[in-house]
There are 2 protein chains.
Amino acid sequence: MQKEHNLSKNQKIIFDLIDKSGGPMKAYSILFNVQKKGIKAPLQVYRALGKLVEIGKIHKIESRNAFIACQNSSCQVSKATAFSICESCENVSEISNSKLSKYLSNFSDNSGMKYSKYNLEFFGLCKKCKSK
Amino acid sequence: MQKEHNLSKNQKIIFDLIDKSGGPMKAYSILFNVQKKGIKAPLQVYRALGKLVEIGKIHKIESRNAFIACQNSSCQVSKATAFSICESCENVSEISNSKLSKYLSNFSDNSGMKYSKYNLEFFGLCKKCKSK
DNA sequence: TAACGTTATGTAATAATATAACATTTATAA
DNA sequence: TTATAAATGTTATATTATTACATAACGTTA
Ligand SMILES: [Zn+2]
Ligand SMILES: [Zn+2]
Ligand SMILES: [Zn+2]
Ligand SMILES: [Zn+2]
């Protein structure tokens with residue numbers, strides 16, 4: 001059962017934009033796109049992004065400095081994320097594989113460290129780009 | 001058997017600095033530290049970093065925009081990397097776990113994508129920070 | 001309702017990270 | 001040698017992200 005988060009005005013504008021885009025978006029591209037809605041400054045964008053990441057509605061693709069809407073309805077928080085990234089067309093998908101997530105969530109080694117979160121990024125060529 | 005790369009002057013200066021630091025270093029901190037050795041501009045640092053990453057002598061910690069010397073002698077290229085990051089003291093270690101790397105290198109799903117590279121970052125509290 | 005604490009917003013300035021463009025030099029190899 | 005690739009030097013600029021401070025909206029409870 002997913003907690004309902006009542007998004008604020010700016011959070012909703014920015015989430016809707018990212019979600020509808022269907023892919024990763026960069027902060028300043030978001031800013032450009034929401035200026036007509038009254039969001040004029042980078043900080044307004046970064047604050048909304050920060051909150052949306054915190055509650056798991058979006059994730060940051062670290063290697064690309066970009067943000068993508070969560071494609072996995074059960075992702076309440078951004079604490080166990082995996083993505084596949086095409087190095088040619090830059091298409092990104094969230095990987096939703098229960099074996100993988102179990103394996104990583106349960107991973108431990110002899111470092112004495114307790115892992116509470118992970119982020120995994122796979123790179124390669126997508127189907128389309130491979131066949132070119 | 002690891003290929004010997006003859007590092008250039010700037011590459012050697014920057015690699016030695018990162019390696020001796022024993023942890024992750026940020027580009028502008030590197031720049032500051034090597035200015036006395038004649039490296040004066042960001043681009044000189046980023047070019048050396050780019051090459052060092054390419055040949056696997058260092059890795060980029062994406063979530064921190066920082067660079068760490070490879071702690072795994074068999075890492076020829078930065079194509080299969082895993083790190084543990086303490087969210088309190090920011091200590092970073094490269095994870096060298098053959099089961100994990102086999103599991104991830106062989107991972108495939110039904111997306112039709114061929115994965116040639118991955119980067120995994122685990123977050124948590126290290127032993128020291130946990131006991132505080 | 002009133003008071004309070006929390007969350008979100010607005011705005012300006014600036015910090016931190018990274019690359020483009022161009023000229024020159026050094027290393028490698030045919 | 002000649003050519004080719006790799007590395008360097010330098011200036012300027014692009015991109016990504018945060019600090020600082022003031023104000024407004026929201027939710028809770030007295
Ligand atoms: Zn998700
Ligand atoms: Zn592709
Ligand atoms: Zn390594
Ligand atoms: Zn720690």
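A note on names: the letters A, B, ... follow the listed sequences, proteins ahead of strands, and every chain is numbered from 1. Side-chain atoms are counted along with the backbone in the values below, which use heavy atoms only and exclude waters and symmetry mates.
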Return the minimal non-hydrogen interatomic distance between A69(A) and D19(A), and the atom names on each side.
CB-OD1, 3.5 Å

Rounding to a whole Å, what distance do you find between E54(A):CD and dT7(C):C1'?
11 Å

Output the rounded distance in Å from NZ (K26(A)) to C1' (dA17(D)).
12 Å

Under 3.5 Å donor-acceptor pair, Y28(A) side-chain atoms to dA14(D) base atoms:
no

Does L49(A) belong to the same Ile/Leu/Val/Met/Phe/Trp/Tyr cluster as L31(A), with side-chain heavy atoms less than 4.5 Å apart forming each link?
yes

May I ask you to check whether over 12 heavy atoms, not counting those of K130(B), lie within 6.0 Å of atom NZ?
yes

Distance, rounded to the nearest Å, where Q11(A) contributes CD and dC26(D) contributes P
13 Å

Between dT17(C) (P) and R64(B) (CZ): distance, integer Å
13 Å

Does K9(B) make a side-chain N or O approach to OP1 or OP2 of dG9(D) shorter than 4.0 Å?
yes

So, is K60(A) close to the dA17(D) phosphate, meaning a side-chain N or O under 4.0 Å from OP1 or OP2?
yes

Going by atom types alone, do D109(A) and S111(A) pair a side-chain donor with an acceptor below 3.5 Å?
yes

Quick check on contacts: within residues 30-52 of chain B, what sits under 4.0 Å from DNA chain D by heavy-atom distance?
K40(B), A41(B), L43(B), Q44(B), R47(B), K51(B)

Do any side-chain nitrogens or oxygens of N6(A) fall under 4.0 Å of OP1 or OP2 in dG27(D)?
no

Toward the 5' end of DNA chain D, which comes first, A27(A) or N10(B), by nearest nucleotide?
N10(B)

Relative to the ring of F122(A), is the ring of Y118(B) parallel (under 30°), tilted (30 to 60°) or perpendicular (over 60°)?
perpendicular

Hey, is E87(A) close enough to K117(B) for a salt bridge, meaning N to O under 4.0 Å?
yes

Side-chain N or O of S8(B) versus OP1/OP2 of dA6(D): is the shortest distance under 4.0 Å?
no

Hey, does L7(A) have a side-chain heavy atom less than 4.5 Å from the side chain of I13(A)?
no

Looking only at side-chain N and O atoms, does N65(A) come under 4.0 Å of OP1 or OP2 in dA17(D)?
yes

